[in-house]
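Here the structure is a predicted model, which is why all the values come from computation and not from measurement. Residues take their numbers from the sequence shown, with the count starting at 1.
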Amino acid sequence: MSIIALFVVLLFSVSANTHRVYQAVEGFKAPQMVLRSGSDNLVSLSDFRGRYVLVNFWTSADANSRIAANSYDRFVESMPEEERICLLSVNMDRSERLFREIVRRDKLNAKSQFFVNAQQASDLVSLFNLSNGVQSLLIDPQGVIVATNPDISAIARVLGA
């Protein structure tokens with residue numbers, strides 16, 4: 001009888017915690033993050049529940065990530081507004097001034113661009129396992145990561161476009 005009771009307790013504890021598993025890899029729920037937009041506004045990944053979200057981490061020192069930031073920005077801006085996915089493009093440069101200049105020069109949509117300070121960048125590196133370099137994550141409306149480092153055609157396929 002005690003074996004059955006132990007099995008039931010184990011079953012409930014595993015099933016109760018399964019939906020709370022967060023990892024920055026395909027098939028798992030995306031870790032939660034909060035970014036500062038402007039001086040006072042906070043933007044949370046959970047604010048976009050119910051919509052596709054593309055989270056892009058980039059730096060000016062990594063040419064591929066800067067090119068991806070431009071490609072993603074152009075792709076999202078080209079979508080009809082009612083079908084547009086959310087783009088959270090997170091810059092991890094050491095200089096906010098450099099970040100602002102790149103956004104201006106590359107003509108990126110400033111509303112989807114976020115600069116994080118060194119501490120926030122360090123936290124995001126740990127949270128999203130960015131030790132292998134900068135990356136991008138496509139997150140479905142339920143908060144599950146469906147693609148890592150997707151190119152534009154992969155995003156279009158997922159969206160059915």
Side-chain angles (χ1 to χ4, degrees), residues 21-81 83-161:
V21 176
Y22 295 91
Q23 287 189 21
V25 294
E26 288 180 39
F28 284 86
K29 286 199 176 274
Q32 204 43 247
M33 75 172 176
V34 177
L35 302 169
R36 184 165 300 286
S37 171
S39 60
D40 296 325
N41 298 333
L42 296 178
V43 175
S44 172
L45 191 54
S46 63
D47 293 343
F48 303 104
R49 189 68 112 210
R51 296 179 64 189
Y52 276 94
V53 179
L54 179 61
V55 179
N56 178 47
F57 298 98
W58 67 281
T59 69
S60 60
D62 182 320
N64 289 332
S65 73
R66 185 171 171 187
I67 291 168
N70 277 277
S71 295
Y72 293 147
D73 192 76
R74 303 288 179 268
F75 174 72
V76 170
E77 289 298 311
S78 73
M79 299 177 79
E81 193 162 335
E83 297 173 20
R84 193 170 291 169
I85 65 173
C86 298
L87 174 62
L88 301 177
S89 197
V90 182
N91 178 272
M92 302 174 81
D93 282 333
R94 293 179 186 252
S95 167
E96 186 171 3
R97 188 169 158 207
L98 173 62
F99 159 72
R100 300 259 175 246
E101 181 62 20
I102 290 171
V103 168
R104 187 187 66 75
R105 281 188 185 188
D106 291 356
K107 298 181 176 117
L108 300 174
N109 181 347
K111 291 181 182 179
S112 63
Q113 302 296 320
F114 298 88
F115 174 80
V116 294
N117 64 33
Q119 181 58 55
Q120 292 169 313
S122 177
D123 293 345
L124 290 171
V125 165
S126 296
L127 187 63
F128 284 88
N129 193 25
L130 300 176
S131 58
N132 294 335
V134 291
Q135 68 178 357
S136 305
L137 305 167
L138 182 60
I139 302 167
D140 76 4
Q142 291 74 39
V144 176
I145 298 170
V146 294
T148 304
N149 297 324
D151 59 17
I152 300 303
S153 62
I155 296 170
R157 277 193 306 277
V158 169
L159 299 176

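Among residues two or more places apart in sequence or in another chain, the salt bridge (Lys or Arg N to Asp or Glu O under 4.0 Å) test is passed with R97 by none. Residues satisfying the salt bridge (Lys or Arg N to Asp or Glu O under 4.0 Å) test with R100, not counting sequence neighbours, are E96. Residues that satisfy the salt bridge (Lys or Arg N to Asp or Glu O under 4.0 Å) test with D106, not counting sequence neighbours, are R66.
In this structure, R104 pairs ionically with E101, as a charged nitrogen and a carboxylate oxygen lie closer than 4.0 Å.
The shortest distance between side-chain heavy atoms of V55 and S136 does not fall below 4.5 Å. Side-chain atoms of R49 and P141, non-hydrogen and from C-beta on, never get closer than 4.5 Å to each other. A heavy-atom distance below 4.5 Å is found between the side chains of L130 and M92. Between N56 and S65, the closest side-chain pair of non-hydrogen atoms is not below 4.5 Å. The side-chain heavy atoms of E77 and K107, taken from C-beta on, include no pair separated by under 4.5 Å. Counting heavy atoms from C-beta on, the side chains of I139 and Y52 never come closer than 4.5 Å. Looking only at side-chain heavy atoms (C-beta outward), F114 and S89 stay at 4.5 Å or farther from each other.
Note that the OG atom of S44 and the CE atom of M33 stand 8.5 Å from one another [nearest 0.5 Å]. Rounded to the nearest 0.5 Å, atoms CZ (R105) and CG (L98) are 9.0 Å apart. If you take CG on D73 and CG on N109, they are separated by 5.5 Å, rounding to the nearest 0.5 Å. Expressed to the nearest 0.5 Å, how far CZ of F128 lies from OG1 of T148 amounts to 11.0 Å.
Annotation for I85 and R51: closest pair C-NH2, 4.2 Å, computed over non-hydrogen atoms. When all heavy atoms of L54 and P150 are compared, the pair lying nearest together is CD1-CG, 4.2 Å. Residues D93 and A61 share a closest heavy-atom pair of OD1-N, 4.2 Å.
Remark: side-chain polar atoms of S122 are not paired, donor with acceptor, to backbone N or O of A118 under 3.5 angstrom. Not a single donor-acceptor pair under 3.5 Å links the side chain of E83 to the backbone N or O of P80.
Around CZ of R84, the count of heavy atoms belonging to other residues, nucleotides or ligands within 6.0 Å exceeds 12.
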Q. How far apart are the C-alpha atoms of I155 and F75, what are their side-chain angles, what is the distance that settles it, and do they pass the side chain to side chain contact (heavy atoms under 4.5 Å, CB included) test?
A. CA-CA 10 Å; I155 296 170; F75 174 72; 3.6 Å; yes

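Between C86 and the choices V53, L45, V43, the side chain to side chain contact (heavy atoms under 4.5 Å, CB included) rule is met once, by V53. For the side chain to side chain contact (heavy atoms under 4.5 Å, CB included) criterion with Y72, the lone passing option out of L108, D151, L87 is L87.
If you check the side chains of N91 and Q113, you find no donor sitting under 3.5 Å from an acceptor.
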